[in-house]
Protein chains: 2
Amino acid sequence: MVRREPLNREKVLTAALALAGEEGLEGLSMRRLAKALGVEAMSLYNHVANKSDILDGIANRVLAEVRPADPALPWAERIRVTALGMYQALRRHPVVPLSLATDQANPATTQALRPLDDLVGALYEAGFDDAGVRQALGGVSGLVFGSILLSTAGFARPPAPGDVEHHEQWDEYARRIDPDELPHFNRLVTGNRDADPEEDFVRALDILIAGLIASTPSRT
Amino acid sequence: MVRREPLNREKVLTAALALAGEEGLEGLSMRRLAKALGVEAMSLYNHVANKSDILDGIANRVLAEVRPADPALPWAERIRVTALGMYQALRRHPVVPLSLATDQANPATTQALRPLDDLVGALYEAGFDDAGVRQALGGVSGLVFGSILLSTAGFARPPAPGDVEHHEQWDEYARRIDPDELPHFNRLVTGNRDADPEEDFVRALDILIAGLIASTPSRT
DNA sequence: ACCTGAACACCGTTCAAGT
DNA sequence: ACCTGAACACCGTTCAAGT
């Protein structure tokens with residue numbers, strides 16, 4: 001119970017990541033975070049500027065986990081590896097895509113932008129011009145973030161295996177859907193029990209990359 | 001100032017959509033919404049169950065705006081039209097993708113799911129099996145939502161033309177980026193001024209659809 | 001049937017005061 | 001240098017009371 005060392009920024013961020021992992025973004029409040037650290041809420045402001053600073057710090061840490069792809073790989077493979085690395089890191093910590101999407105975090109650091117730099121480098125190497133790179137980057141990053149955000153939320157996505165909450169939600173969909181009004185969706189929902197979100201993401205990513213290869217300007 | 005007719009659900013939803021359009025999701029509070037309607041916050045509960053009910057109603061209305069694609073069109077074209085329709089409707093009302101991503105809305109109505117049903121129908125027609133449809137649907141819907149959420153937020157996306165806020169943010173990126181550490185990203189940021197988010201989305205969508213066509217099981 | 005005021009349990013953040 | 005208590009301006013929602 002006795003605190004020898006004082007708090008510091010890193011400890012705050014670690015506790016924030018843990019709390020967000022348990023309670024989600026809406027459960028991550030300055031007051032609850034302080035309580036988890038055995039301190040009053042106002043003490044946190046000695047180590048971070050405000051809540052956005054915490055979310056920036058978290059996003060930064062998580063994006064820094066993404067291992068850079070081997071530069072010797074062909075560009076399409078580098079995109080695959082980097083996008084998957086982003087997906088995995090962000091999916092381990094869904095607070096991050098959520099706080100980025102809601103504009104509560106905005107980590108403009110080298111570490112955080114490194115994975116994007118890798119994607120951009122691969123796309124330039126593929127032969128796209130500035131506009132093409134911007135569009136293709138929007139496609140890849142949009143797919144990564146959209147897949148995570150939709151699979152974290154309940155809308156329009158199959159459940160993860162063992163994820164009871166999502167499973168129930170999917171079942172409720174199946175119950176509420178009028179098969180006459182939504183015949184195809186009904187077929188999909190009844191025919192799809194356990195699915196692995198990451199496997200589904202990789203499949204969608206491979207489809208996008210196949211399209212990128214087909215759109216490469218330099219191909220004959 | 002004198003209110004003749006009493007409030008009703010539709011009026012509440014209309015006002016909520018307008019308020020969210022002006023102030024964003026974080027500006028849409030029960031108290032502010034009530035004030036905009038010239039009423040006390042607690043009156044709203046006579047017409048909607050709670051805030052989630054409002055967000056469901058909003059999402060429902062906006063998704064119902066998506067016009068169904070002509071069933072006579074080839075499957076790839078139907079996907080293109082429907083996905084673009086979703087993008088346009090959701091982009092006019094960014095509260096909707098935001099409240100879906102944060103799980104505050106969950107509209108499981110026929111109207112809201114109709115566009116997804118169209119996508120699923122087109123994918124079955126293309127020849128995908130259940131898993132393939134689920135994966136391809138995840139790709140298309142992930143791209144739609146991710147593109148909107150990233151373009152609405154400031155992270156990793158070029159600014160819309162005339163969108164001062166984003167423009168400034170992009171400029172700040174350009175200022176803060178270390179060209180030696182993020183050479184490719186730096187090249188992209190300095191070489192990209194005005195871009196149209198919708199045009200970029202369509203381009204990314206076409207790339208994904210090209211990949212879908214190439215992945216179709218029934219092709220020779 | 002519809003609206004309201006007071007209240008409860010929360011937020012992020014500031015500021016003056018403590019050690 | 002770090003922590004705290006009280007306060008301010010907010011939230012969503014409940015409940016009893018008004019018309």
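All heavy atoms count here, side chains included; hydrogens, waters and symmetry mates do not. Proteins get letters first, then strands, A, B, ... in listed order; numbering begins at 1 in each.
Separating the CZ atom of Arg9(B) from the C1' atom of dC2(C) is a distance of 17 Å, rounded to the nearest angstrom. Per the geometry, NZ belonging to Lys35(B) stands 16 Å off C1' belonging to dG12(D), to the nearest Å. The nearest whole Å value for the distance from the CZ atom in Arg32(A) to the C1' atom in dA9(C) is 12 Å. Here the P atom of nucleotide dT4(C) and the CD atom of Glu40(B) are 5 Å apart, to the nearest Å. Distance Arg31(B) CZ to dT14(D) C1': 12 Å, rounded to the nearest Å. Here the C1' atom of nucleotide dC3(C) and the CG atom of Asn8(B) are 15 Å apart, to the nearest Å. We find that CG of Leu33(B) is positioned 11 Å from P of dC11(D), with the value rounded to whole Å. Between the P atom of dC11(C) and the CE atom of Met30(B) lies a distance of 19 Å, rounded to the nearest Å.
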Pairs under 3.5 Å (N/O, protein and nucleotides 17-19 of chain D):
none

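Within residues 13-25 of chain A, no residue is approached by DNA chain C to less than 4.0 Å at the level of any non-hydrogen atom. Heavy-atom distances under 4.0 Å link DNA chain C to Met42(B), Ser43(B), Asn46(B), His47(B) of residues 41-51 of chain B, given in residue order.
Using a 4.5 Å heavy-atom cutoff, the side chains of Pro197(B) and Tyr87(B) are in contact. At a threshold of 4.5 Å between non-hydrogen side-chain atoms, the residues Asp117(A) and Asn186(B) do not count as touching.
Between the Thr190(A) side chain and the Arg187(A) main chain, a donor and an acceptor come within less than 3.5 Å of each other. Using modelled atom types, one side-chain atom of His47(B) and one backbone atom of Leu7(B) make a donor-acceptor pair closer than 3.5 Å. A donor-acceptor pair under 3.5 Å is formed between the side chain of Lys51(A) and the backbone N or O of Leu28(A). Listed for the Asp130(A) side chain is no donor-acceptor partner under 3.5 Å among the backbone atoms of Leu188(B). Between the side chain of Asp53(A) and the main chain of Val48(A), no donor-acceptor pair closer than 3.5 Å is present.
Applying the 6.0 Å contact sphere to CZ of Arg92(B) captures more than 12 heavy atoms from other residues, nucleotides or ligands.
Judged as a salt bridge (charged side-chain N to carboxylate O under 4.0 Å, His left out), and not counting sequence neighbours, the contacts of Arg78(A) are Glu125(A). With sequence neighbours excluded, no residue forms a side-chain hydrogen bond (donor to acceptor under 3.5 Å, both in side chains) with Ser52(B).
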Which string of ( ) [ ] | and . matches DNA chain C, if you list each base 5' to 3' and count Watson-Crick or G-U pairs only when both distances are under 3.5 Å? ||.|||||...|||||.||
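Under the 4.0 Å criterion applied to side-chain N and carboxylate O atoms, Lys35(B) and Glu40(B) are not assigned as salt-bridge partners. Between Glu198(B) and Arg91(B) there is no salt bridge, since none of the side-chain N atoms of the basic residue sits less than 4.0 Å from a carboxylate O of the acidic one.
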Determine, step by step, whether Arg61(A) and Glu10(A) satisfy the salt bridge (charged side-chain N to carboxylate O under 4.0 Å, His left out) criterion, reporting the C-alpha distance in whole Å, the side-chain angles of both residues, the deciding distance to 0.1 Å, and the verdict. CA-CA 10 Å; Arg61(A) 265 204 196 177; Glu10(A) 297 312 309; 2.9 Å; yes
